[in-house]
Every structure is written in structure tokens, then in C-alpha cells.
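These numbers come from the heavy atoms of this one structure, side chains and all, not from hydrogens, waters or symmetry mates. Convention: sequence-line order gives letters A, B, ...; per-chain numbering from 1. Note that the structure is predicted; figures quoted are calculated from it, not measured.
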Amino acid sequence: MRKIEIQCLRYHPVTDAAPRWQTYEVPFTDDMSVLQGLQHVKDHLDGSLTFRWSCRMAICGSCGMMVNGEPKLSCETFLRDLYPGPVRVEALNHFPIVRDLVIEQSDFLEKLESVKPYLIAEEASPGKTFLQTPRQMEDYYQYSKCINCLLCYAACPQYGLNDKFTGPAALALLHRYNADSRDAGKAERMELVNAEDGVWGCTLVGYCSEVCPKEVDPARAINQNKINSTKDYFLRFFKK
Amino acid sequence: MKRSNKPIFWSLFGAGGMLSALVGPGLIYVTGIAVPLGIMNQEALAYERVAALAHSGFGKLALFLVISLFLFHGCHRMYHCLHDFGIHVGPGLKAAFHGFAAAGSAAALYLLIAVGS
Amino acid sequence: MKTYTRPMGAWWTRNPYYLWYMLREASCVFITVYALILLVGLFRLSQGKAPYERWLEGLASPLSLLFHALALVLVLYHSWTWFKVMPKTLPFVRIGAWRVPDRAIVVTGVCAAVACTVLIVLLAATT
């Protein structure tokens, strides 16, 4: 069986002052993902290695990490593609490290809440049903595919430089609701859109959309709202 | 949450970006390479010809838009570049960069009026 | 909870994607300087024929030629990236029920830039 070297950035909050690299020699078969490589380490070489994972099929969003400097889902990144290695694995960029490959993500969870990610009705109308055409669904569908894996935040240098920036996934989700024909909450979300750390924190680096495993295209969601925000800015005096 | 004033600067940045994307290559090629190197006849930028352009209404508008919007585009992006490099940018630097573009625009406007018709 | 925050440092050097982004952003320096060159030219024009012609001669200096060569390369890169990214700044463009693909928007933009360039060169060349 072929072997590949996996280098992990280790960090223990109690014993370590700073992170350090640790190398493991992992035997692998062509069907093994980086996640399976890490699982081999944990099961057979070093039980202390700590990382998040769940579904193994790129839908839960748990296993995001930096693989050779790029944000990836470790369950759908394959060791055969990285051979002969070494494979450098690190916790997702731009987030504080809790331990080893696990990051502190509560900042994102707060941002998610702040965009009001739910349909806001025009008025209370229990039992009301909506008809939606395929074209209306096309307007928001791609933005609904986000699995909250945070690869886009790891990709976004503006978030890395300023963690007050609302960020790609949260703003994409905001747009998902604004663009949904069943939603009437655009006005409520405008304050966040218009803020310095709303859409205006983005300089269209575009890397977020490159790394997204679900083709959500957060860069598009954010930058469309720059026009909306501009219209809102200049036309607000004409609104009643 | 405070409303950002970005829309003003972004609109100018966008207009300048579009203009420079469309006419930038042509203008830089003609004025900076073709004529100085003799690939294009020196007559293309002759004093009488360019003066006539600056005297015309269309010429004044074109020259003003090119200078002003290129400046606003460039200065806005330069300001953001500083932030990207990790330099702390505050309202002072913001005013300086955009003020510079505004000053350049004002100078262009003055000169275009001064050359008369 | 104690966590470790990694510094950003020279983040743009750590991924080719970021380097290309910085190159795109760097084009703005050349666009600004070019606008200033034009502004100076306008000033010399207002001063009269001799000062203007001295400005023209300055354009033929090696430093000026080097600057404009670099400026041309970077403004071309700016133009290309501008139109490549344009579909993301627009809402979905539709003709009836058909959604105009991003590629069509990019191609339209690039063609417009080529057309403008040709127009400018032709207008300049025909005295």
C-alpha cells in the first residue's frame, strides 16, 4: 500500500503557547479522502488529534479545513490527488483555533442570526399559501444550498482582516431571503446590508465563490446588493 | 447600525472602472506608446488638434470625465489597497485619497474652462 | 475559552489567487498616474504651444515609455477582470424566460472594450 505524509497543525489550549506541526505517515488506498487519512491517524497513530466531521459526503459542512493552503472539505478531498504529498492540514483560516483542527465559530453563528434568515410575512396571515414559479425560485435557489461549512470565510481576506465583516455565507443567506418572492422582509434587512461591515466590506476578491463546495456563489449575492444598497442610499429621500 | 457612505464613492469608482476598462487601453496606447514611438503619426497629438478638442464642448466633457473618473477610480482602490496590506485606514486617509481625486477633478475643470473655446 | 488567533501577516503571498487579486488592485496606481499625466498635459496645453510640445517630448522619454508599457499591461488586466466579474454585480439578466448566461455578459463587455480601442486608435490616426 502506498504511504503519504500528512502534516497537521496541532494546538492544545492548556499545554501549548502556540501551534506546532506534527507529521504522520499514513498508508492509503485510492478511494481515501483526507478525512479518512485523519481518521486513520486518530484510530491507529495518535488518538489526541482533534477534528470535526459527520456525514462524510459533503452535506453537513463539518469537516472544513485548510489543505495545502486551500479551504476544502476534507471528506471530498482525496489523498490520491495530493500524492506524493506531503499534505499540510490546518484549521480553517481566519478563525481562532480551539484545538488542533477545530475552530471557534460562534462569530459566524451570531452573524447568521443577525441577517434574519427566515421568511418574513407581509402581515400575519395564518394558513396563507404561496404560489412560486420556477423562474421565481431560480432567483434565490442557488443561495439556499449553503451548508454553512465556512470555507468562504476561510477564503475571504476581508473577513480575515476585519472579523466584524458580516461575511460571505451570512450575506448570501440574507440575499436568499430577500430574493425569495414569498418574503416581505427586505426593508428590515437593509440596515445590515447598508452598513460598513455589510456588503461594503467586500472588495470582490471572489475567492469565496471559488472555494464554495455547493456553488452558492456568495460573491454574486453580496455584489448584487451593492447596487441595491446604492439605490437605497440615493433614493431614500424619495420614499414616503 | 450606521449607514455607510460607500455608495457615493463606489458609484464614482464604478464609473471610473467602466470608463477605464473601455477607453483606458486605447488612450494609453495612443498617447503613451504609439505616438511617442512614432508608430502613429506625431500629428495625432499635434497642439492645434488637441487644442481644438479641448475647445469643443464634447472634448471638454470627454477630457473631464476621463481625468476625473480615472482619478476617483484609482484613488478609491488605492485607499482599499492600504487596508488590504493591513495598514489601519481611518476617515483621515479616506478624506485624503478622495480629496486628492476631487482636487484633480477641480483642476481639470478649471483648466478646461480656462482654455476657452 | 482560550483560543489561538493566527496573524494575517502577508496573506496575499500565501495563495496564487490572492496574488492575482493584488495585481488587479495594483492597476489602480497606474490609472491614477496616467490621469495625472493627462492633467499635466492639459495644463501645458493651457500654457501654450511650446510648453505643450515639451510635455509631448517628455512622453517619449525612456521612463515615460516604461511607465506606459506597464500601464498598458495593467489596464488591459483591469479591463479583463472588470468584465469577467461584471456578471456578479448584476442581477440575473433575462430576455423573456431565458436567463442570459454570464459568459454572454463577459463577451459583450470585452467586445465593447475592443470596439472602443479600435475606435480610439482610428480616430487618433486619421488626421
Side-chain angles (χ1 to χ4, degrees), chain B residues 13-14 16-18 20-38 40-51 53-54 63 66-81 84-86 100-101 104-105 107-108 110-112 114-116, chain C residues 8-12 21-22 25-39 41-43 45-46 48-50 52-53 56-57 59-61 64-65 67-69 71-72 75-76 78-83 86 89 109 112-121 123-127:
Chain B
F13 161 80
M18 185 63 81
S20 57
L22 289 170
V23 306
L27 285 179
I28 292 176
Y29 173 70
V30 168
T31 65
I33 294 174
V35 168
L37 280 179
M40 191 178 284
N41 196 316
Q42 299 283 303
E43 282 303 299
L45 291 182
Y47 174 77
E48 292 77 17
R49 207 172 171 224
V50 180
L53 182 73
L63 285 167
V66 168
I67 293 174
S68 173
L69 290 178
F70 276 34
L71 281 176
F72 273 111
H73 173 81
C75 289
H76 182 82
R77 212 166 216 176
M78 280 198 290
Y79 168 74
H80 276 285
C81 270
D84 288 351
F85 280 118
F100 181 79
S105 306
Y110 171 77
L111 287 168
L112 286 165
V115 292
Chain C
M8 278 298 271
W11 58 270
W12 62 89
Y21 162 73
M22 284 309 216
E25 299 296 286
S27 68
C28 69
V29 177
F30 289 83
I31 291 177
T32 304
V33 174
Y34 180 69
L36 291 173
I37 291 174
L38 288 183
L39 186 60
L42 182 61
F43 175 57
L45 188 80
S46 74
K49 184 163 173 158
Y52 173 78
E53 279 172 357
L56 263 186
E57 278 165 40
L59 287 179
S61 74
S64 170
L65 288 168
F67 166 78
H68 285 93
L72 183 61
V75 89
L76 280 168
H78 156 72
S79 185
W80 165 243
T81 53
W82 187 264
F83 294 117
M86 202 159 77
T89 63
V114 170
C116 284
T117 306
V118 168
L119 193 68
I120 288 169
V121 171
L123 282 174
T126 48
T127 32

TODO: Verify, without hydrogens or angle tests, whether C:W82 (side chain) and B:L22 (backbone) share a donor-acceptor contact under 3.5 angstrom.
DONE: no
TODO: Identify which of B:V50, B:L37, B:V30 forms the greatest number of heavy-atom pairs closer than 4.5 Å to chain C.
DONE: B:V50
- [ ] Go through the structure and list residues passing side chain to side chain donor-acceptor pair (under 3.5 Å) with C:S27, not counting sequence neighbours.
- [x] none
- [ ] Rounded to the nearest 0.5 Å, what's the gap from CD on C:E25 to CZ on B:F85? Could you check?
- [x] 9.5 Å
- [ ] Report yes if some heavy atom in the side chain of B:R77 is under 4.5 Å from a heavy atom in the side chain of C:V29; otherwise report no.
- [x] no
TODO: Quick one: pull up CG in C:L65 and CD1 in B:I33 and give me the separation to the nearest 0.5 Å.
DONE: 7.5 Å
- [ ] Go through B:I67, B:V115, B:L71 and name the one with the most non-hydrogen pairs under 4.5 angstrom from chain C.
- [x] B:I67
TODO: Quick one: which of B:Y110, B:Y47, B:F70, B:Y29 has the most heavy-atom pairs under 4.5 Å with chain C, could you say?
DONE: B:Y47
Open item on the list: Could you report the tightest heavy-atom contact between C:T117 and B:P25, atom names first, then the distance?
Closed with: OG1-CB, 4.1 Å
Task: Engaged part of B:M40 at the chain C interface, taking heavy atoms whose separation is under 4.5 Å - done: side chain
Task: Backbone N/O of B:T31 and side chain of C:H68: donor-acceptor pair under 3.5 Å - done: no
Open item on the list: Under 4.5 Å from any heavy atom of chain B, what part of C:W80 do you find: side chain, backbone, both or neither?
Closed with: neither
TODO: Identify the heavy atoms of C:S79 and B:A21 that sit nearest to each other, and give their distance.
DONE: OG-O, 2.7 Å
TODO: Please examine the side chains of C:L39 and B:L111, heavy atoms only from C-beta on, and report whether any two atoms are closer than 4.5 Å.
DONE: yes
- [ ] Nearest 0.5 Å please: distance from the NE2 atom of B:H76 over to the OG1 atom of C:T32.
- [x] 12.0 Å
- [ ] Side-chain contact test, heavy atoms from C-beta onward, threshold under 4.5 Å: evaluate it for C:L59 versus B:V35 and give yes or no.
- [x] no
Open item on the list: How close do B:I28 and C:Y34 get, counting heavy atoms only, and between which atoms?
Closed with: N-OH, 3.7 Å
Open item on the list: How close do B:L45 and C:L56 get, counting heavy atoms only, and between which atoms?
Closed with: O-CD1, 3.5 Å
Task: Heavy-atom pair with the smallest gap, counting every atom of B:P36 and C:A60 - done: CB-CA, 3.8 Å
Open item on the list: For the OG1 atom of C:T126 and the CD atom of B:E43, what is their distance to the nearest 0.5 Å?
Closed with: 12.5 Å
Open item on the list: Only pairs of heavy atoms separated by less than 4.5 Å count here; which of B:L69, B:L27, B:L63 has the most with chain C?
Closed with: B:L27
Task: Side chain B:R49, main chain C:A124, donor-acceptor under 3.5 Å - done: yes
Open item on the list: So, applying side-chain hydrogen bond (donor to acceptor under 3.5 Å, both in side chains) with B:D84, which one of C:Y21, C:W12, C:W11 is it?
Closed with: C:Y21
TODO: Count the heavy atoms of every other residue, nucleotide or ligand shown that sit under 6.0 Å from CZ of B:F100, and state whether that count exceeds 12.
DONE: no
TODO: Could you check which of B:M18, B:Q42, B:E48, B:H80 has the highest count of heavy-atom pairs closer than 4.5 Å to chain C?
DONE: B:M18
Task: Minimum-distance pair of heavy atoms, taken over all atoms of C:V75 and B:G24 - done: CG1-C, 4.0 Å
